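This structure is a prediction, so every number in the text was calculated from the model and none was measured.
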Amino acid sequence: MRLKLERCRGEWRELEEEFRQLQETHKVYRQKLEEVTSLQTACSSSIHRQKKTLKDLKRSLQRCKPRASPEEFALIQEISSQIKERQNAFFDMEAYLPKKNGLYLNLVLGNVNVTLLSNQAKVTDEVFNFLLVWYYCTLTIRESILISNGSRIKGWWVSHHYVSTFLSGVMLTWPDGLMYQMFRSQFLAFSIFQSCVQFLQYYYQRGCLYRLRALGERNHLDLTVEGFQSWMWRGLTFLLPFLFFGHFWQLYNAITLFGLSRHKECKEWQVFVLAFTFLLLFLGNFLTTLKVVHTKLQKNKDKMKKL
């Protein structure tokens, strides 16, 4: 009994020593955290002040341009170029500073800081893009197996998943930098919207296939509806605005990336390749959707005439 008590006392003394060290470490941690918060506030205030001053300076330079001599005009162009470079530097700095939440995040989370410091955001993006690659790869494998077993999946919708796999793979290899940060928010917002649209498409297709299978007009290996029944039109008219908005968002992504590829700071090959891929997706999706809608309208008219 005495030995056990001595052992417990020894463990307690060790715990007390560790606890004192923990208190000291936590004290240092709090001091460093306060220093980081103070530095973040100072940097954010300085950037905001510099941005405002540069904006006023740029406006003043624009007013001086009409009456400037050739030498003065060259000086104005040089200062304007340096102002543009400074703005890009600010953008890079702000990527590592806390930002104010938008309206939606304020409503949901309040004033909670959701900014990822250091390279945590890039790591999160890499995981997200890897999951996209995995998701589209599994779709292509599944579709290939179904086609081999008699499913009627045809045309662009099969190719679309191969192109999307390629696009996600290129996004995965895109290194962090100014160009990546300038496109990041737009791509993440597009991905969230696309996920919602894919859910709506799944819900619509599932309802149509369930009804057609019950009527004996489709087999269990079909994933899409190629024929058209008049009752399908009501659900499709709800879905079409979301589809077309998503298609034009892909075009907007392509235009944005083509613009970034001409930026003097752009050195990554991924920017132009992604721009071309988004343009290809837009053309394929938009033209195929138009063709499907036109075909279904024609079939609906023919059925109405027969009636």
Side-chain angles (χ1 to χ4, degrees), residues 51 54-55 58 62 80-81 83-95 99 102-104 121-122 124-126 128-133 135-136 155-201 239-294:
K51 276 185 172 181
L54 286 175
K55 190 176 180 180
K58 193 175 180 181
Q62 289 295 328
S80 298
S81 177
I83 288 174
K84 199 170 184 181
E85 289 178 5
R86 187 71 54 84
Q87 288 171 337
N88 292 334
F90 289 152
F91 185 87
D92 192 39
M93 290 178 186
E94 286 175 330
K99 299 179 184 67
L103 177 62
Y104 177 73
K122 179 57 178 171
T124 307
D125 292 353
E126 287 175 352
F128 174 72
N129 287 316
F130 174 78
L131 290 174
L132 282 180
V133 173
Y135 168 70
Y136 284 116
W156 165 253
W157 305 122
V158 178
S159 304
H160 172 270
H161 292 142
Y162 287 98
V163 177
S164 297
T165 304
F166 173 76
L167 185 144
S168 302
V170 175
M171 282 294 302
L172 184 61
T173 64
W174 191 358
D176 193 13
L178 180 61
M179 299 299 103
Y180 181 84
Q181 291 297 331
M182 289 176 73
F183 184 67
R184 178 179 179 270
S185 299
Q186 183 175 325
F187 176 72
L188 291 178
F190 167 76
S191 299
I192 294 169
F193 176 80
Q194 189 179 43
S195 300
C196 296
V197 173
Q198 286 175 344
F199 175 77
L200 292 175
Q201 284 180 291
L239 187 60
L240 282 176
F242 294 98
L243 288 174
F244 282 119
F245 184 80
H247 299 341
F248 281 103
W249 199 336
Q250 288 173 332
L251 177 62
Y252 177 61
N253 287 343
I255 293 170
T256 301
L257 287 165
F258 276 125
L260 290 176
S261 68
R262 294 194 297 271
H263 197 284
K264 64 179 181 180
E265 297 291 331
C266 180
K267 298 179 178 65
E268 303 94 339
W269 59 268
Q270 288 91 344
V271 180
F272 182 81
V273 172
L274 286 170
F276 180 78
T277 308
F278 269 115
L279 181 61
L280 179 63
L281 284 173
F282 163 73
L283 292 173
N285 289 335
F286 182 69
L287 295 175
T288 305
T289 304
L290 281 181
K291 184 181 178 182
V292 169
V293 172
H294 179 263

With side chain to side chain contact (heavy atoms under 4.5 Å, CB included) as the test, would you mind laying out the steps for Cys266 and Arg262 before giving the verdict? CA-CA 7 Å; Cys266 180; Arg262 294 194 297 271; over 6 Å; no

Walk me through whether Met171 and Phe128 qualify under side chain to side chain contact (heavy atoms under 4.5 Å, CB included). CA-CA 10 Å; Met171 282 294 302; Phe128 174 72; over 6 Å; no

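Considering Phe193, Phe278, Phe286, Phe190 as possible partners of Phe248, the one that fulfils the ring-ring contact (aromatic ring centres under 6.0 Å, His included) test is Phe286.
The CG atom of Leu274 sits 12.0 Å away from the OG1 atom of Thr256 when rounded to the nearest 0.5 Å. The distance from the CD1 atom of Ile83 to the NZ atom of Lys51 is 14.0 Å, given to the nearest 0.5 Å. The distance from atom NE2 of His247 to atom OG1 of Thr289, rounded to the nearest 0.5 Å, is 3.0 Å. Atoms NZ and CG, on Lys84 and Leu54 in that order, are 14.0 Å from each other to the nearest 0.5 Å. In this structure, CE in Met179 is found 10.0 Å from OG in Ser261, a value given to the nearest 0.5 Å. Note that the CD atom of Gln250 and the CG atom of Leu167 stand 9.0 Å from one another [nearest 0.5 Å].
No side-chain heavy atom of Val197 sits under 4.5 Å from any side-chain heavy atom of Gln194. For the pair Phe183/Asn253, a side-chain contact is recorded, criterion being any heavy-atom separation below 4.5 Å from C-beta on. The shortest side-chain heavy-atom distance between Pro175 and Glu268 falls under the 4.5 Å cut-off.
You'll find the ring centres of Phe187 and Tyr180 outside the 6.0 Å limit.
Applying the side chain to side chain contact (heavy atoms under 4.5 Å, CB included) test to Leu200 and every residue at least two apart in sequence or in another chain returns Phe238, Leu239, Phe242. Not counting sequence neighbours, the partners of Phe166 by the side chain to side chain contact (heavy atoms under 4.5 Å, CB included) test are Val170, Val273, Thr277. Contacts of Leu283 classified as side chain to side chain contact (heavy atoms under 4.5 Å, CB included), with partners at least two apart in sequence or in another chain: Leu279. Considering only residues two or more places apart in sequence or on other chains, Val133 meets the side chain to side chain contact (heavy atoms under 4.5 Å, CB included) condition with Cys137, Thr165, Ser168. A search for salt bridge (Lys or Arg N to Asp or Glu O under 4.0 Å) contacts involving Glu85 returns Lys264, not counting sequence neighbours.
Of all non-hydrogen atoms in Leu172 and Phe130, the two that sit nearest each other are CD1-N, 3.9 Å.
Within the structure, the ring pair (Phe, Tyr, Trp, His ring centres under 6.0 Å) test picks out the following pairs touching residues 250-270 (sequence neighbours left out): Phe258-Phe272.
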